[in-house]
Each structure stands twice: as structure tokens, then as C-alpha cells.
Number of protein chains: 2
Amino acid sequence: MAATGGAGRPEKRQAITRAATTVFGREGYVRASMDAIAAEAGVSKRTVYNHFADKETLFLTVALENSAELTGKIRELMRTYLERVVDLRQDLIDFAVDRARAVLSAGDHGALGRAIRAEVANIPADVLAAWLDAGPVASLRDLAERFAVLADRGLLVVEDPGLAAEQYTLLTFHGVAERSFWGAVPVPDEEVARIAAVGVDAFLKIYRAPAAG
Amino acid sequence: MAATGGAGRPEKRQAITRAATTVFGREGYVRASMDAIAAEAGVSKRTVYNHFADKETLFLTVALENSAELTGKIRELMRTYLERVVDLRQDLIDFAVDRARAVLSAGDHGALGRAIRAEVANIPADVLAAWLDAGPVASLRDLAERFAVLADRGLLVVEDPGLAAEQYTLLTFHGVAERSFWGAVPVPDEEVARIAAVGVDAFLKIYRAPAAG
DNA sequence: GTCTATACAGGGATAGAC
DNA sequence: GTCTATCCCTGTATAGAC
């Protein structure tokens, strides 16, 4: 259960976590084998077990690291698109498109999220809570803060920023996530852009300030 | 691949499909064993293989049957709540709550949908398309028809009924689905009701006819 | 003739020993 | 870094029972 701390060379550890991300993302937890991960990392299987107690520990470790990394990437996208807003609608659309790409791009971070969702019944509750808190919930909090600022500037009318963040995410992101099965099936770029646009239009019907019409 | 047609007694076949629904839903495709399914059905493993060529055939068969059954159940809910609408907001909320319960109730139909989503990378494209068409997409079509009728009655202003159906589903259902990981983690009834209410309120801000205010 | 019960062959996995 | 003990699963085969 507990991560096997700092044994071994750090560069080997990183090679293993990178490989585990790839293999778990591609195969899912059950299908992935420790042999395949060792081979992908270019290390001996013994080295893998030297760094991580067992398969479950390795999976949960990379899941958490991955979740935090993806949250950081999305935070950067928010800084890019929602810090200095000039064209509200267009910036909200651009953010939605880039976020969908970041989360759902094949072979990347999203694949591991798919594996987590598939294994959720077999994950200890506290680990699942930690994953949520480092990932989706953290992004929701970040987005709520952005919306609160936009409301202060008079661009949006927002009573509950957390709710607005959730509904923005539902309208602009979850349709794509569902259609692509969280990145397992590719969705054309134009379709992502279309969904983002109609999603933002719906969102603005709920939350746009009348003055900013 | 092709379902092994009508060999054997029909009541045995039904026991097997019921057991397969339970076990696949609880364990997922990879973890579920044919032994466990045979035991759950109270039949010999040989009998399972007498009705279904292999594990994959059994899984895809019950997935499709299940999908169609759930679509029918949701269609009934629509008839109950969206046929004779008197209080639009309340009827939309009640439908959302009952649909969430029907799809996400633990141990029921939702579990198999979770298994499908987990295995989507290993499912043939045509079978996946058939599953979508008998399940989520069919419900979306049904709901779009209902919204078109409500628009004709002047209760909603809907340009694109399909889009309205999708956004209603996102706002009132996908938040619960995501939070419960498609039924794997229980969500309290009050939370489902709260999400349905705020989702419907947002939906009505987009689509409610001004006259019906 | 279909079902039950059981056993078994073949492959692959984990986890750890050498 | 290889090698192996042990276990589990799929799918088949071999018995007899209703």
C-alpha cells in the first residue's frame, strides 16, 4: 500500500513511472503486466520491484503523480486564456478546446485517468479521494476562482462560482470526454471545437452579464 | 464473434445472461471468470460454453441486451414525466432523478455500462456502435423527440432538439454519473436531487419560453 | 440429448529467489 | 538480469445423471 520511498537511482525511478504511465494507460490495470512495464522502462523487473512494493503501489503512485501534473497543465491553460480576457466567448472556447486536448489526447495523461475510472471499485477510498483532490476537484476549484474574478470584473453574473465551474465543465468538456470514452476513441478536432463553441454559448446564456452583451 | 444461437434450454440461457450481467458488472471483463459466471447461474461451465462460443461473445451479448433494456426503461420514464407536463420544472427534475437512479443504481444495469466503458479499447468498432445505438444514443433521440413536442406546445424554445437533449443530459445526469463513477460509488439521494434541480434550472435558463416564465 | 461434475492442457501472470 | 515456484483462467474433454 505505502509507496516504497527512495530506494535506487532516481533516473531509474522516473523511467519506471513513465513506462508505467504508458503501459497502464494503454492496457488498463488488470491487463498490464509488470514484465511489460519493465521492458518499456528498459530496466529489469527486479529493479521495478526494488522501487515499488507491488503492482498496486506502482499504479496508485503514478496515478497520483499524473493527476497532479495534469492539474498543473490545466492551471497553465487557465493562466493563458482566462487571465487577461479580452473576448470572453472566444477565450472560453479556446480554453475548452485546449483542455480537452490536454486531458483526452491519446497515449498521454488521459489514458491513466481512464484506467483509474475502470478500477475505481478496487481502489481504497482514501487513495481515490487523494486522486480526486489532486486532479478533477483541484481543477474545479481553480476554475471557480477564475470565474469569481471574472464576476468581480463584471463579465459574468455568478452566484456560486463552484457551480458555474462545474456547469462550464459539463457543457464544454464532458460531452467530448463521453464521446471519446475519456480518450480511448479519437474525436476529430472540428468536433471538439464545435462542442466547445455550443457549450460556451449555452454557458453564457446562463451566466453572461447583461451589460457585457 | 457470432452469438451461438438457440442451443439448449432457454431458461438456462436466461440464467446465464443474468449471472453474466451480475458478474461482469461487479468484476469487469478481465477479472470476471467463466467459472464464477457458471456458479452464479447455477449451471455447469460446459453449459455456458454450450450457449455462448466464448467469453467475449457472452460479454458483448449481455451488453447489448442490457443496453436495449435500459433504453426501454428510460423511455417509460419519459412517458411518465414528459407526456402530460403540468409543472415543467418539477417534471424535468423528477425525470432526471429517476433516470439517474435507473442507470446508476448499484448492482443493476449501470454496472455493465461501466464494464463496457472500461473495455472500450478492446471492443470491435461495429459492436461498440451497436451498443451506443441501442443505449445512450437511442435515449438521446427519444429525449430530443420529447423536447420537440414541448417546443411545439410553447413550453420551450428549442432550435436544435438534439442539442437540447444532450445539454439537458449533461446538466442533470453526467454530473451524477461522474461523481458516482457510473454507479461504482454511491451518491446520496439528496445529492442526486440537488444536482437535478440546479441542472434543470440552468437548462431552463437556456431553453424556457419567455411566455411560460 | 441436454445437463452436471470434474479434471486437464496450455498459457500467462505475480512475486520473489538465485 | 534470469529463472522458477505457484497460482489462476480459458477452453476442452471425459465421466455419469435426468
Side-chain angles (χ1 to χ4, degrees), chain A residues 1-5 7-9 11-63 115 118-119 121-124 127, chain B residues 1-63 115 118-119 121-124 127:
Chain A
M1 253 273 290
T4 313
R9 292 192 159 56
E11 68 263 26
K12 296 285 177 184
R13 186 191 194 276
Q14 200 189 356
I16 294 166
T17 53
R18 279 179 50 92
T21 303
T22 301
V23 176
F24 280 132
R26 190 178 56 221
E27 309 281 345
Y29 176 78
V30 188
R31 282 191 150 90
S33 80
M34 296 294 264
D35 276 321
I37 291 169
E40 175 84 24
V43 304
S44 143
K45 191 164 58 165
R46 188 67 189 84
T47 306
V48 177
Y49 278 104
N50 200 28
H51 282 264
F52 300 94
D54 52 27
K55 190 183 181 184
E56 188 185 343
T57 299
L58 175 57
F59 178 69
L60 297 176
T61 302
V62 300
E119 283 302 312
N122 303 103
I123 294 177
V127 178
Chain B
M1 255 277 285
T4 312
R9 291 190 161 57
E11 68 264 27
K12 297 287 174 182
R13 192 195 133 96
Q14 199 188 356
I16 294 167
T17 53
R18 278 179 51 92
T21 303
T22 302
V23 176
F24 279 132
R26 191 177 57 220
E27 309 281 345
Y29 177 78
V30 188
R31 281 190 152 91
S33 79
M34 297 293 264
D35 277 319
I37 291 169
E40 175 84 25
V43 304
S44 146
K45 187 164 64 161
R46 194 65 192 84
T47 304
V48 177
Y49 279 101
N50 199 29
H51 282 263
F52 300 94
D54 52 27
K55 191 183 181 183
E56 189 185 342
T57 300
L58 175 57
F59 178 70
L60 298 176
T61 302
V62 299
E119 282 302 312
N122 303 103
I123 294 176
V127 178

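Chain A is the first sequence line, chain B the second, and so forth, proteins listed ahead of strands; every chain is numbered from 1. All values reported here derive from a predicted model rather than from experimental measurement.
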For this session: Start with the C-alpha distance between B/E56 and B/E119, add both sets of side-chain angles, then the distance that settles side-chain contact (heavy atoms from CB on, under 4.5 Å), and finish with yes or no.
Result: CA-CA 11 Å; B/E56 189 185 342; B/E119 282 302 312; over 6 Å; no

Exercise. Has the side chain of B/K55 got a donor or acceptor that lies under 3.5 Å from a partner of the other kind on the base of D/dG11?
Worked result: no

Which part of the nucleic acid does [X] contact within heavy-atom distance under 4.0 Å: base, sugar-phosphate only, or nothing?
| X | value |
| --- | --- |
| B/A38 | nothing |
| B/V43 | sugar-phosphate |
| B/A39 | nothing |

Rounding to an integer number of Å, can you tell me how far [X] [atom1] sits from [N] [atom2]?
| X | N | atom1 | atom2 | value |
| --- | --- | --- | --- | --- |
| B/F59 | D/dC9 | CZ | P | 17 Å |
| B/D35 | C/dA5 | CG | C1' | 12 Å |
| A/L58 | C/dT14 | CG | P | 11 Å |
| B/E11 | C/dT4 | CD | P | 10 Å |
| B/M34 | C/dT6 | CE | P | 19 Å |
| B/R46 | C/dA7 | CZ | P | 17 Å |
| B/F52 | D/dT12 | CZ | C1' | 19 Å |

Exercise. Between A/R31 and B/T47, which has a closest nucleotide on DNA chain C that is more 5'?
Worked result: B/T47

Exercise. Is any side-chain nitrogen or oxygen of B/N50 closer than 4.0 Å to OP1 or OP2 of C/dC3?
Worked result: yes

Problem set entry | Under 4.0 angstrom between A/K45 side-chain N/O and D/dC3 OP1 or OP2 | no

For this session: Could you give me the CA-CA distance, side-chain angles and deciding distance for A/N50 and A/T47, then say whether side chain to side chain donor-acceptor pair (under 3.5 Å) is met?
Result: CA-CA 5 Å; A/N50 200 28; A/T47 306; over 6 Å; no

Exercise. Got a second to check how far B/Y49's OH is from B/S44's OG, nearest 0.5 Å?
Worked result: 11.0 Å

Considering only [options], which nucleotide approaches the side chain of [X] most closely?
| X | options | answer |
| --- | --- | --- |
| A/Y49 | D/dG1, D/dG11, C/dT14 | C/dT14 |
| B/S33 | D/dT10, C/dC18, C/dT4 | D/dT10 |
| B/K12 | C/dC18, C/dT4, C/dT14 | C/dT4 |

For this session: Check whether any side-chain N or O of B/K55 sits under 3.5 Å from a backbone N or O of B/Y29 as a donor-acceptor pair, and report yes or no.
Result: yes

For this session: Please lay out, stage by stage, how B/N122 and A/R31 fare under the test side-chain contact (heavy atoms from CB on, under 4.5 Å).
Result: CA-CA 11 Å; B/N122 303 103; A/R31 282 191 150 90; 3.4 Å; yes

